[in-house]
Visitor: 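Below: one structure in structure tokens.
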Amino acid sequence: MSGKISRRQMLSIGAATIAGAALSKSAAHAINNGGGTDYRPFRGYNPARRGDRPYWEKSYSGGPVDVKPLPPVLPGRGYKPVVVPNGAALPFKIVDGVKVFHLIAEEVNHEFDPGLRAQCWGFNGRVNSTVIEAVEGERVRIYVTNCLHVATSIHWHGFNLPNGMDGVGGLTQPYIKAGDTVKYEFTLRQYGTQMFHSHHDEMTQMGMGMIGMFIIHPRSPRPEQVVDRDFSLMISEWAIPAGTSRPNTLEMTDFNVLTINGKVFPSTSPLVCKTGDKVRIRLGNLGATDHHPMHIHGHHFRVTATDGEQIPLSAQWPESTVLVAVGQTRNVEFITDAPGDWAFHCHMTHHVMNQMGHDFPNMLGVNPQGLDEQLRPLLPSYMTMGHTGMDMGKMAEAMPYPRNTISMKGATGPFGDYISMGGLFTVLKVRDGLKSYDEDPGSYNHPPGTVALKATDEELRRDGIDISKLAVDGDAKSPSGEKGSSHSAH
Ligand SMILES: [Cu+2]
């Protein structure tokens, strides 16, 4: 028998195997302790010297736990609220100087896109798109009511808080049992892009949608921290086999629905900006296993903050792609210099495809003509797919396929051609003279002569581009491959 065992197999094997695994674990522990030298703490660090630290030993954990809170701040007064595409900030009230929130964990019948719904678990009627927003120094009291039929617990991810408020079910608190309401209360001794999520049976509960962003605004923002547009985007991934309506949270790698704030493109609301706006995009990833390199077109951004802290100006770095790993947040900021419709998407190509991007035979390059002819008497509508690639969303939309699936869905673009993107994809819409941020300005109206179009014969002649001997893939031998004629000087 192979020495390797998958986690999947592990789940189906009995307690004897689990006991065996526990034994081998303790054996490994013994080996680790059997070396010649005892582990010693790093000598340069002396915990007894509290308050006596040099500047390079700054506390990164918010300072004393028992600080006095600062007064609450209202949106639009002391901070500019974040924009949550396809989502909303959780309402609050102020009671005796404390901001009070009520988070409700519940089952939600969620639409990822017209054509795909699933029974998920979320907060206050939303999936992946409920945002809690507060201000540094405030005291928050968050009631969590559990309307699920299973116990849960809510963790405040990336927070400096008293241990008993950390929300790890069983470790720092008893579970929030079905029907119970539990009270969390702490003072925000930091600012930044943080998150919250279930911390009990995480694989199931986070996979079902129990995740959210928690934005803490700085109390006194520095000039460089002030922006015109501040977007909050939560990234996640789902396994919802075609025709089913419950996410499969046992899936480890083969996710087929990739979402921003719980939506797939084209249902992801665009990020609408004016030309010249300073824009912040806050990205969080609480998916199961995948990291997402989020890429912007036509611009460069600076990575300005992690979930740990604001990055000093001198250390911020320019990128056009920022990797957001599981459990991380990243803030990126840039000026919208260029009007247009700019793609903003995960650069893992499988993450901008939904269902059918996998579990599909590789037909690329196959000539299906004979096969189609042979099969048509048996299956009149039979047509081989995939031999020209997977850009077939439009075709797939018109074909019969299982109920409740979005297939290779993308969207028809302004030129009548199909945008062969789905999943983790949205559009940054930058416009001159935008009237309102609240309306989708539609497709970009390109100034004449600024769109890549089919070259005219006259243009080809003018620039000495000879295509007379070139043939479409496979029809005839391409001379460009033989002599590299396209690079030769004339
Ligand atoms: Cu991705």
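Both counts, for ligands and for their atoms, begin at 1 and track the order of listing. Keep in mind that what you see is a predicted model, and the values were worked out from it rather than measured.
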Visitor: If you look at His292, which of its N/O/S atoms is nearest to the Cu ion (ligand 1)?
Guide: ND1
Visitor: Would Lys80 and Asp228 pass as an ion pair if we require N to O under 4.0 Å?
Guide: no
Visitor: Any idea which N/O/S atom from His351 gets closest to the Cu ion (ligand 1)?
Guide: ND1
Visitor: Using a distance threshold of 2.8 Å, state whether an N, O or S atom of Cys346 lies below it from the Cu ion (ligand 1).
Guide: yes
Visitor: Can a salt bridge be assigned to the pair Arg141 and Glu185 using a cut-off of 4.0 Å between side-chain N and carboxylate O?
Guide: yes
Visitor: Evaluate Tyr175 against His200 for ring pair (Phe, Tyr, Trp, His ring centres under 6.0 Å), listing each step before the verdict.
Guide: CA-CA 8 Å; Tyr175 300 153; His200 172 60; 4.0 Å; yes
Visitor: When rounded to the nearest 0.5 angstrom, what distance separates OG1 in Thr321 from CE in Met294?
Guide: 10.0 Å
Visitor: How about His347: does one of its N, O or S atoms come closer than 2.8 Å to the Cu ion (ligand 1)?
Guide: no
